[in-house]
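Here is the structure we will look at.
First the proteins, then the strands, lettered A, B, ... as listed; each starts at 1.
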Protein chains: 2
Amino acid sequence: MTNNEQYSIGELSKYFDITARSIRFYEEQGLLAPERQGQSRIYHLKDKVRLKLILRGKRLGFSLAEIKTLFELYDTNPNSAAQLETMLALTDQKRAVLNQQLNDIQTLMNELDDVESRCKEELIELQKGNHL
Amino acid sequence: MTNNEQYSIGELSKYFDITARSIRFYEEQGLLAPERQGQSRIYHLKDKVRLKLILRGKRLGFSLAEIKTLFELYDTNPNSAAQLETMLALTDQKRAVLNQQLNDIQTLMNELDDVESRCKEELIELQKGNHL
DNA sequence: TTCAGCCTTTACGTTAACGTAAAGCTGGGT
DNA sequence: ACCCAGCTTTACGTTAACGTAAAGGCTGAA
């Protein structure tokens, strides 16, 4: 009962609104490894989840190479202490970057608020003028 | 009293920890327009502020072209209604992107928390083992 | 069978954001 | 006078992440 849905590359590309070329490229870079039936690629739920993670990583400004190493860290079962330490260090590092982004976004949001309210005030002024 | 500090390109590059090449490139792309004294560039506070904005924009994933149009929108004194509407549309658009990023970051943070706590638990287990 | 629609591989092209080298001016210190 | 650090321009090189043909295989409907 572990979900047996299958997807073609075209279905996935439509679903995520990206090109098939991109999906093949991610595979070429070692981020995906879909099953094959004959020459065609068959994607399952785990591939779909991976793609989702890839796209989210990209939106956050990670390179495909970075995303790949994150996958590898996540995939290798973390049994040795050294591996775990490495993982912790990396998560901390990423966390710092994300916090920086949060700050930036907050600052920018505030500025957008300023601009927006000033714009709206000016629009109201223009409206008043039009009544004459 | 409006602050008369001057900076050389070297000073600014050290301050922001970027190369002089980058700063010249931003100028080449129309994002900066420093004063000249002879052949050398002289930067003032407003240039420094601009650079800060450029770098923040970049951290948020904006292209230099996008940053430039934002600057231009910000610079043109917004007097016509059409301009104001454009500005409002753009701010809304950007706000949507930023909100998406916030979601992504939040999701990722949670996952990092999960990974981290699992790592720490495993480390503790390893410690216990070492006592035998 | 022929066609359309989807898939495949191979391979060269493109864009953004610089890196990097080459070659030269220039002001201050010794 | 000379040098050096820091500035300048010009121009070609580089990397990431695809875009865009080109040429062909497979499969189901007409």
Legend entry - Distance-only polar pair, side chains of B/Tyr7 and B/Glu5, donor-acceptor under 3.5 Å: yes
Side-chain N,O ([X]) to OP1/OP2 ([N]) below 4.0 Å:
| X | N | value |
| --- | --- | --- |
| B/Tyr26 | C/dA17 | no |
| B/Lys58 | C/dA16 | no |
| A/Arg41 | C/dC7 | no |
| B/Thr19 | C/dT20 | no |
| B/Ser22 | C/dG19 | yes |

Inset, instruction - Give a yes or no on whether a donor-acceptor pair under 3.5 Å exists between the nucleobase atoms of D/dT20, that is its base, and the side chain of A/Arg21. - result: yes
Inset, instruction - Tell me which of A/Ser8 and B/Gln39 sits closer to the 5' end of DNA chain C, going by the nucleotide each one is nearest to. - result: A/Ser8
Just how far, in rounded Å, is [atom2] of [N] from [atom1] of [X]?
| X | N | atom1 | atom2 | value |
| --- | --- | --- | --- | --- |
| A/Leu31 | D/dC18 | CG | P | 10 Å |
| B/Leu55 | C/dA17 | CG | C1' | 13 Å |
| A/Ile67 | D/dC18 | CD1 | C1' | 14 Å |
| B/Tyr43 | D/dT8 | OH | C1' | 11 Å |
| B/Ile42 | D/dC7 | CD1 | C1' | 10 Å |
| B/Gln6 | D/dC7 | CD | P | 14 Å |
| A/Glu27 | C/dC7 | CD | C1' | 13 Å |
| A/Glu11 | C/dC6 | CD | C1' | 11 Å |

Legend entry - Heavy atoms of other groups near A/Asp17 CG, more than 12 under 6.0 Å: no
Inset, instruction - Side-chain contact test, heavy atoms from C-beta onward, threshold under 4.5 Å: evaluate it for A/Leu64 versus A/Ile54 and give yes or no. - result: yes
For the side chain of [X], counting heavy atoms from C-beta on, which of [options] is nearest?
| X | options | result |
| --- | --- | --- |
| B/Arg24 | C/dT8, D/dT9, D/dC18 | D/dT9 |
| A/Phe25 | C/dG19, C/dT9, D/dA17 | D/dA17 |
| A/Arg36 | C/dT9, C/dC7, D/dT8 | C/dT9 |
| A/Leu64 | C/dA17, D/dA17, C/dG19 | D/dA17 |

Inset, instruction - Spell out, as yes or no, whether a donor-acceptor pair under 3.5 Å connects the side chain of A/Ser22 to the backbone of A/Ile18. - result: no
Inset, instruction - Mark yes or no for whether A/Arg59, through its side chain, and B/Asp104, through its backbone, hold a donor-acceptor pair below 3.5 Å. - result: no
